[in-house]
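Please read the structure below before turning to the comments.
These values consider heavy atoms only, across backbone and side chains, with no hydrogens, waters or symmetry-generated copies. Numbered from 1 within each chain, the chains take letters A, B, ... in sequence-line order.
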There are 2 protein chains.
Amino acid sequence: MMKGPASAGPENPGVDGGDSRTINPELWYACAGPLVTLPSVGSLVVYFPQGHSEQVAASMKKDIDAHIPNYPNLPSKLICLLHGVTLHADAETDEVYAQMTLQPINTCDEKALLAYDLALKTNKPQTEFFCKTLTASDTSTHGGFSVPRRAAEKIFPPLDFSMQTPVQELQARDLHDSVWTFRHIYRGKPRRHLLTTGWSIFVSGKKLLAGDSVLFIRDEKQQLLLGIRRANRQPINMSSSVLSSDSMHIGILAAAAHAAANSSLFTVFYNPRASPSEFVVPLAKYNKAVYGNQVSLGMRFRMSFETEELGTRRYMGTITGISDLDPGRWKNSNWRNLQVGWDESAPGERRNRVSIWEIEPILTPFFICPQPFFRTKRSRQPGMPGASA
Amino acid sequence: MMKGPASAGPENPGVDGGDSRTINPELWYACAGPLVTLPSVGSLVVYFPQGHSEQVAASMKKDIDAHIPNYPNLPSKLICLLHGVTLHADAETDEVYAQMTLQPINTCDEKALLAYDLALKTNKPQTEFFCKTLTASDTSTHGGFSVPRRAAEKIFPPLDFSMQTPVQELQARDLHDSVWTFRHIYRGKPRRHLLTTGWSIFVSGKKLLAGDSVLFIRDEKQQLLLGIRRANRQPINMSSSVLSSDSMHIGILAAAAHAAANSSLFTVFYNPRASPSEFVVPLAKYNKAVYGNQVSLGMRFRMSFETEELGTRRYMGTITGISDLDPGRWKNSNWRNLQVGWDESAPGERRNRVSIWEIEPILTPFFICPQPFFRTKRSRQPGMPGASA
DNA sequence: TTGTCTCCCGAAGGGAGACAA
DNA sequence: TTGTCTCCCTTCGGGAGACAA
């Protein structure tokens, strides 16, 4: 058994510590999942304090307490200029998250805002990759990783098949720029691709379990990148010995309120896998959804969900109600104000409340708002931003 | 090798998850260290937002950013009623911390407050314990833990010395109420006490390194308790993928300000080992120190520090300056407003700024304020709480 | 095509006394 | 009294093909 020059464990060229250096965006997006996009720097976005609060609550496994003070000056949504986005990965868990710097802007010029319809360029890189959910054998202490044939052929450098048992050494970088080395061998009867030496160190290093997934990417420079996605979406983390959850929630609201009052910058962390809370939405996407669609009770729609193996699938549903999620605190918010039912029973947790920009309404010719009394009660003037903005 | 019924690892009877159940106070205090006391529930305390902020900054390894808004309505100290104290330990690291529920009280009746001089009952339990700093051999993969003779005799149940090699099984509970089982044997030539089977599982489970300490307590019910204290006081934790450090600081200040404005409850976490920031001080202790002593430049004092092995030692120093730590944000605060020099060079990090209630002034008959011009500039009226309260 | 088993053999590590600081 | 070493022997677990789903 030949050990690499740096013996066991990953080799980390960058001075990491946290993860404050540049993270490979391809890998970040691959780990984040097919549905995650981030708004472009310099674009306008809508920030929902309510959604932000929800994400923190999900991360803390704790409901928002009732005794958080109201911030009457903080609207349920803030139009912001997105000053910066940096990609990160948790040093412990590799969980991906993004830091965004936002600046609330004056919303007096509503016309200009409505006209804001920048092309939603998806700057998600498209690259060759494969993703495999780990089997019990893959994570067992006996033996290595069984590489799916097509995956090995598509992603890994070709082996020298003139050898009796073709072998090579693979190097792949993870989100922290740590290099992991694997022995890639083609052996057995019948022949198959395996990763042997180096694999178990990776599994234990990342604390992977059967059911978790690994993904390999080959980037444009023919370098291998390596990411993980954990199966159990249990809110991994902390009951935080540092800050009470009250203080956290207050911190979010007060920081946003302060920034709104002064048009100053504030910073949020967006954690795409912690909870389905895309609380920073491109203004163009928001406008298109809110002013482009007539939503009504009974309306049918499609919505994309992530599958295993990094694909997407669309499920059909029906709008069963339109109401504020938290009428006390966040009145007239568009945040998840649609109650929905689903045609199929849920693969994982299907949500029973969504926001309008998450769905694709199906406007059949025979089903354009036939029941006027189903319309939302507060008749919304088309062409006006929501009441509380 | 006889495995316990529950095979490897600790047995955890309580449904832990976090640590929300009752933590053994003796063990908590032992792990917290000899200098840590917590104010009594129902007593009055002084809360320093500045100190709280400092602790969070230390936990985040991040300085307080300049662009945190000022909270002009938030004084540098709040007199609070302490409604509740619960003891906790971090599920990951066993780091001890306390959650305190505070209620700011109206400070109009200053006379009553000054009169407040409840006896500072130290409710720290005093129990039999021993603490040993782990050697390289203790933490090596080969062999177990060498128990100091006196420690074994004082704390462990007596062995049956009629046996040729006396052996017994020990069970000890940690802060999470997990039970760890060890084989305690008296063998070797010359004879010594050792913990063998079970020890390495404990070391790896708690991620102990040479230099860390373990402590065993025998409580009044003759049960063994087991705690750890880590050597490297590196701020262990998180660059937090949940909340920006700005939001955290704002959260602290806004939560305190909101509670102060409404005389409502708020919650803080006090982490005695994260940083020397005792930011919740019994009012009696505060009053005694602030109004009982005349502090002057050049004044000599003693101050207690923790030694290894859970003892205390007092070091001598001299007051070299009296000034606000952060004159911009927290004017006229008593929080660490004394600059000090030390007679001996520091064992670990000796602090160069302390608060008056942390020191014991030495009032020599020949050294009672001989230099009037050394007095603090804003002549403090004795009998008046600090200007900003 | 690939997940699991079992077998083989080398590495890791627990548990003992020796020895010395 | 106790920290480190070394030796012994068990256990663990990487790495191979067998075999079956």
Side-chain angles (χ1 to χ4, degrees), chain A residues 1-4 7-9 130-154 163-167 169 181-205 209-214 309, chain B residues 1-4 7-9 130-154 163-167 169 181-205 209-214 309:
Chain A
M1 131 172 214
M2 49 171 199
K3 272 188 180 166
S7 79
F130 83 84
C131 177
K132 184 193 175 192
T133 300
L134 299 179
T135 65
S137 298
D138 289 330
T139 52
S140 96
T141 53
H142 289 257
F145 173 67
S146 187
V147 188
R149 182 177 228 285
R150 312 186 143 268
E153 288 169 354
K154 185 168 69 165
M163 293 160 73
Q164 200 220 346
T165 50
V167 196
E169 190 177 75
T181 304
F182 304 103
R183 189 167 80 124
H184 170 206
I185 193 169
Y186 187 68
R187 65 162 168 80
K189 221 182 313 174
R191 290 268 183 267
R192 88 276 312 274
H193 291 271
L194 295 164
L195 298 186
T196 58
T197 311
W199 174 252
S200 74
I201 293 168
F202 176 71
V203 168
S204 56
L209 302 174
D212 295 340
S213 303
V214 289
E309 315 303 292
Chain B
M1 143 170 204
M2 51 172 199
K3 273 189 181 168
S7 79
F130 83 85
C131 177
K132 185 193 175 190
T133 300
L134 298 179
T135 64
S137 299
D138 289 331
T139 52
S140 96
T141 53
H142 287 256
F145 173 66
S146 187
V147 188
R149 182 176 228 284
R150 314 185 142 268
E153 289 169 355
K154 186 168 68 166
M163 292 160 73
Q164 199 219 348
T165 50
V167 197
E169 189 177 77
T181 304
F182 304 103
R183 190 166 81 125
H184 171 206
I185 193 166
Y186 187 67
R187 64 160 168 82
K189 220 181 313 174
R191 291 269 183 266
R192 88 277 311 274
H193 291 270
L194 296 163
L195 299 186
T196 58
T197 312
W199 174 253
S200 73
I201 293 168
F202 176 70
V203 168
S204 56
L209 302 174
D212 296 340
S213 303
V214 291
E309 315 304 289

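- Rounded to whole angstrom, the span from the NE2 atom of B:H184 across to the P atom of C:dG15 amounts to 14 Å.
- Separating the CG atom of B:L134 from the C1' atom of D:dG3 is a distance of 13 Å, rounded to the nearest angstrom.
- Not counting sequence neighbours, the partners of A:R149 by the side chain to side chain contact (heavy atoms under 4.5 Å, CB included) test are A:E153, A:Y186.
- When every heavy atom of A:H184 is checked against every heavy atom of A:H193, the shortest pair comes out as NE2-ND1, 2.8 Å.
- Atom NE2 in B:H193 sits about 18 Å away from atom C1' in C:dG15, given to the nearest Å.
- In this structure, B:W199 places its CH2 atom 13 Å from P of C:dG14, rounding to the nearest Å.
- For B:S146, the side-chain atoms get nearest to D:dT2 when compared with the rest of C:dG14, D:dT2, C:dT4.
- The distance between atom CZ of A:F182 and atom P of D:dG15, rounded to the nearest whole Å, is 12 Å.
- Using a 4.0 Å heavy-atom criterion, one finds that B:S200 contacts the sugar-phosphate atoms exclusively.
- Residue B:E153 is the one, among B:E153 and B:A136, whose nearest nucleotide of DNA chain D lies closer to the 5' end (criterion: closest heavy atom).
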Would you give me the side-chain donor-acceptor pairs under 3.5 Å for residues 139-147 of chain B, sequence neighbours excluded?
unit_1: B:T139; atom_1: OG1; unit_2: B:T135; atom_2: O; d: 3.2
unit_1: B:T139; atom_1: OG1; unit_2: B:A136; atom_2: O; d: 3.3
unit_1: B:S140; atom_1: OG; unit_2: B:H142; atom_2: N; d: 3.0
unit_1: B:S140; atom_1: OG; unit_2: B:H142; atom_2: O; d: 3.1

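- Distance CZ (B:R150) to P (D:dT2): 9 Å, rounded to an integer number of Å.
- Phosphate proximity of D:dG15 to A:T197: present, with a side-chain N or O under 4.0 Å from OP1 or OP2.
- Using a 4.0 Å heavy-atom criterion, one finds that B:T141 contacts the bases of the nucleic acid, with or without backbone contacts as well.
- Applying the side chain to side chain contact (heavy atoms under 4.5 Å, CB included) criterion to B:T196, with sequence neighbours excluded, gives B:R183, B:I185, B:R187, B:L194.
- Under the salt bridge (charged side-chain N to carboxylate O under 4.0 Å, His left out) criterion, B:D138 pairs with B:K132, sequence neighbours left out.
- Atom CD1 of A:I201 is separated from atom C1' of C:dA12 by 14 Å (rounded to the nearest Å).
- Taking only side-chain nitrogens and oxygens, A:S137 comes nearer than 4.0 Å to OP1 or OP2 of C:dT4.
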Note to self: Reading 5' to 3' and counting Watson-Crick or G-U wobble pairs with both distances under 3.5 Å, write the dot-bracket notation for DNA chain D, | for bases paired outside the strand.
What the structure shows: |||||||||||||||||||||

Within the sub-3.5 Å range, which N or O atoms of nucleotides 16-20 of chain D have a protein N or O partner, and how far apart are they?
unit_1: D:dA16; atom_1: OP1; unit_2: A:R183; atom_2: NH2; d: 2.7
unit_1: D:dA16; atom_1: OP2; unit_2: A:R183; atom_2: NH2; d: 3.0
unit_1: D:dA16; atom_1: OP2; unit_2: A:R187; atom_2: NE; d: 2.9
unit_1: D:dA16; atom_1: OP2; unit_2: A:R187; atom_2: NH2; d: 3.2
unit_1: D:dA16; atom_1: O5'; unit_2: A:R187; atom_2: NE; d: 3.1
unit_1: D:dG17; atom_1: OP2; unit_2: A:R187; atom_2: NH1; d: 3.3
unit_1: D:dG17; atom_1: OP2; unit_2: A:G188; atom_2: N; d: 3.2
unit_1: D:dC19; atom_1: N4; unit_2: A:R192; atom_2: NH2; d: 3.4

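- Evaluation of the side-chain hydrogen bond (donor to acceptor under 3.5 Å, both in side chains) rule for A:S200 yields no partner, not counting sequence neighbours.
- Not counting sequence neighbours, A:S204 has no partner by the side chain to side chain contact (heavy atoms under 4.5 Å, CB included) test.
- Phosphate proximity of C:dT4 to A:S140: absent, as no side-chain N or O sits under 4.0 Å from OP1 or OP2.
- For the pair A:V214 and A:W199, the minimum side-chain heavy-atom distance is below 4.5 Å.
- Between the B:R150 side chain and the B:P148 main chain, no donor and acceptor come within less than 3.5 Å of each other.
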